[in-house]
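Nothing here was measured: the structure is a model prediction, and the numbers come from that model. In the text below, chain A, chain B and the rest are named by the order of the sequence lines, each starting its count at 1.
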Protein chains: 2
Amino acid sequence: MSERVELCQEHHAHPEVLAHVKLDLPNEESLYDLAELFKVFGDSTRIRILYALFESELCVCDIAELLNMSQSAISHQLRVLKQARLVRNRREGKTIFYFLADDHVRTIIGQGMDHISE
Amino acid sequence: MSERVELCQEHHAHPEVLAHVKLDLPNEESLYDLAELFKVFGDSTRIRILYALFESELCVCDIAELLNMSQSAISHQLRVLKQARLVRNRREGKTIFYFLADDHVRTIIGQGMDHISE
DNA sequence: ATTACATATGAACAGATGAGCATATGTTTG
DNA sequence: CAAACATATGCTCATCTGTTCATATGTAAT
């Protein structure tokens, strides 16, 4: 947290480039939110849930069975996904159906897949 | 890890939908790799490094100064970014310049930004 | 109202993760 | 070769995260 000065003896990027880069950095809050968003994608259970919802809305117990995990574990993760506004849900009697909130989810995951498959 | 059967008394999605969803899930390895990739984006230090590299290649000490962090911390994170093949580097004498590996980085971060700004 | 079912939630615990510190490696200059 | 500089890396620790277990909430049927 202390001010850091002159880490390099001499700068390697031109000072005006450094100044420009500094100006173009989004504000701290956006950067934090962005990292928080990607953190949500950074778990294979949640990725699997999202993929499952690509096809169709599903209730909690169907997701649990599909992924061979406990109802509780899935419920906890759905909560995270919902807080990140990646999924939404609707109630139908005792059952609660979850579905993708919007198309950014598909796009982001798609780009990720592109990257890992070179 | 035990086989889980009939979590729901009755299924709420039609069985053929469930079967279809199951078939369309990517294999375990891809899902794992994808989560690993997003995990890398899920840290604000790394996001800030990537943003800095949007503009221009930079050496380690310039990044450290720009983000007001220690050389060690930056070096550790650059290692993570490099392993995920999001950045590459080149040596020029004592200095090592890091730059974005490809354009997926920009696209993925861009989509993330779109999402958080509604 | 009581029971059964679907989902949510709080506490706890094991494993992962990021930063700091000290130090090692690699490169250039004298 | 020695000294200085730029970067990398091993270790440690505090913190965060995901799952399990037990239990609570909400809904429908009898």
Side-chain angles (χ1 to χ4, degrees), chain A residues 1-2 4 6-13 31-32 35-50 57-84 87-99, chain B residues 1-2 4 6-13 31-32 35-50 57-84 87-99:
Chain A
M1 294 298 167
S2 64
R4 194 171 308 273
E6 293 300 314
L7 249 171
C8 334
Q9 210 74 359
E10 50 180 315
H11 287 293
H12 302 287
L31 291 166
Y32 182 80
E36 287 305 302
L37 175 66
F38 285 122
K39 222 168 270 181
V40 175
F41 286 98
D43 174 83
S44 61
T45 296
R46 289 190 293 264
I47 287 278
R48 292 198 299 158
I49 292 175
L50 292 173
E57 65 172 11
L58 293 170
C59 71
V60 179
C61 67
D62 279 343
I63 298 174
E65 192 176 320
L66 191 67
L67 306 189
N68 197 35
M69 292 183 64
S70 73
Q71 175 269 319
S72 177
I74 297 300
S75 190
H76 278 297
Q77 297 300 7
L78 284 170
R79 185 169 191 260
V80 175
L81 291 169
K82 194 180 169 191
Q83 282 176 334
V87 304
R88 289 164 55 206
N89 61 20
R90 67 182 182 86
R91 177 181 282 275
E92 194 175 306
K94 286 178 285 190
T95 308
I96 298 186
F97 288 96
Y98 281 82
F99 50 94
Chain B
M1 295 300 163
S2 64
R4 194 170 307 274
E6 293 300 313
L7 249 171
C8 332
Q9 211 73 358
E10 50 180 316
H11 288 291
H12 302 287
L31 290 166
Y32 182 82
E36 287 305 301
L37 174 66
F38 285 122
K39 219 169 272 183
V40 175
F41 285 98
D43 173 84
S44 62
T45 297
R46 290 191 291 265
I47 288 279
R48 293 199 299 159
I49 293 176
L50 292 173
E57 64 172 13
L58 293 169
C59 70
V60 179
C61 66
D62 278 343
I63 298 174
E65 193 176 322
L66 190 67
L67 305 189
N68 196 37
M69 293 182 65
S70 73
Q71 175 268 320
S72 176
I74 298 299
S75 191
H76 277 298
Q77 297 300 6
L78 284 171
R79 185 169 191 261
V80 174
L81 291 169
K82 194 180 170 191
Q83 282 175 334
V87 305
R88 289 164 53 204
N89 62 21
R90 68 182 181 85
R91 178 180 281 276
E92 195 175 304
K94 286 176 287 191
T95 307
I96 298 186
F97 288 96
Y98 281 82
F99 51 93

| field | Result of checking B:I74, B:I63, B:I49 against B:M69 for side-chain contact (heavy atoms from CB on, under 4.5 Å) | value | B:I74
| Is a side-chain donor or acceptor of B:R46 paired with a backbone partner of A:A35 at a separation under 3.5 angstrom? | no
Tell me the closest heavy-atom pair linking [X] and [Y], and the distance in Å.
X: B:D43; Y: B:Q77; result: OD2-NE2, 4.1 Å
X: A:R48; Y: A:L67; result: NH2-O, 3.5 Å
X: B:G42; Y: A:K39; result: O-CE, 2.9 Å

Spacing of [X] atom [atom1] relative to [N] atom [atom2], expressed in whole Å:
X: A:I74; N: C:dA8; atom1: CD1; atom2: C1'; answer: 13 Å
X: B:M69; N: C:dC21; atom1: CE; atom2: C1'; answer: 14 Å
X: B:R91; N: C:dT25; atom1: CZ; atom2: P; answer: 14 Å
X: B:R90; N: D:dT7; atom1: CZ; atom2: P; answer: 12 Å
X: A:L78; N: D:dT19; atom1: CG; atom2: P; answer: 12 Å
X: A:I63; N: C:dA6; atom1: CD1; atom2: P; answer: 14 Å
X: A:I49; N: C:dT7; atom1: CD1; atom2: C1'; answer: 14 Å
X: A:R48; N: D:dG18; atom1: CZ; atom2: P; answer: 14 Å

| query | In terms of the angle between their ring planes, are B:F41 and A:F38 parallel, tilted or perpendicular, with boundaries placed at 30° and 60°? | reply | tilted
| field | Residue mapping more 5' on DNA chain D - nearest nucleotide basis, A:E92 or B:A73 | value | B:A73
| Comparing A:G93 and A:S72 on DNA chain D - which has the more 5′ nearest nucleotide | A:S72
| message | Within a 6.0 Å radius of atom CZ on A:F97, are there more than 12 heavy atoms belonging to other residues, nucleotides or ligands? | response | yes
| query | Under 5.5 Å between ring centres and under 30° between planes: does that hold for A:H76 against the base of D:dT19? | reply |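 Stacking between A:H76 and D:dT19: absent.
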| Using a cut-off of 4.0 Å on non-hydrogen atoms, how would the nucleic acid contact of A:T95 be classed: base, sugar-phosphate, or nothing? | sugar-phosphate
| Base, sugar-phosphate, or nothing for A:Y98, non-hydrogen atoms under 4.0 angstrom? |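 The residue A:Y98 makes sugar-phosphate contact but no base contact.
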| Closest to the B:N89 side chain, choosing from C:dA19, D:dA8, C:dG20 |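 Of C:dA19, D:dA8, C:dG20, D:dA8 is nearest to the side chain of B:N89.
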| said: By nearest atom, which of the nucleotides D:dT9, D:dT19, C:dA6 is closest to the A:K94 side chain? | reply: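 The answer is C:dA6.
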Presence of [X] side-chain N/O under 4.0 Å of [N] phosphate oxygens OP1/OP2:
X: B:Q77; N: C:dA19; result: yes
X: B:S75; N: D:dT7; result: no
X: A:R46; N: D:dG18; result: yes
X: B:S70; N: C:dA19; result: no

| message | As a quick check of understanding, evaluate side chain to side chain contact (heavy atoms under 4.5 Å, CB included) for B:Y98 and B:L58, giving each step before the final call. | response | CA-CA 5 Å; B:Y98 281 82; B:L58 293 169; over 6 Å; no
| field | Residue-level proximity of residues 36-45 of chain B to DNA chain D when a heavy atom falls under 4.0 Å | value |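 By residue number: none to list.
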| task | Report yes if a donor N or O on one partner sits less than 3.5 Å from an acceptor N or O on the other, where the partners are the side chain of A:Q71 and the base of C:dA8; otherwise report no. | result | yes
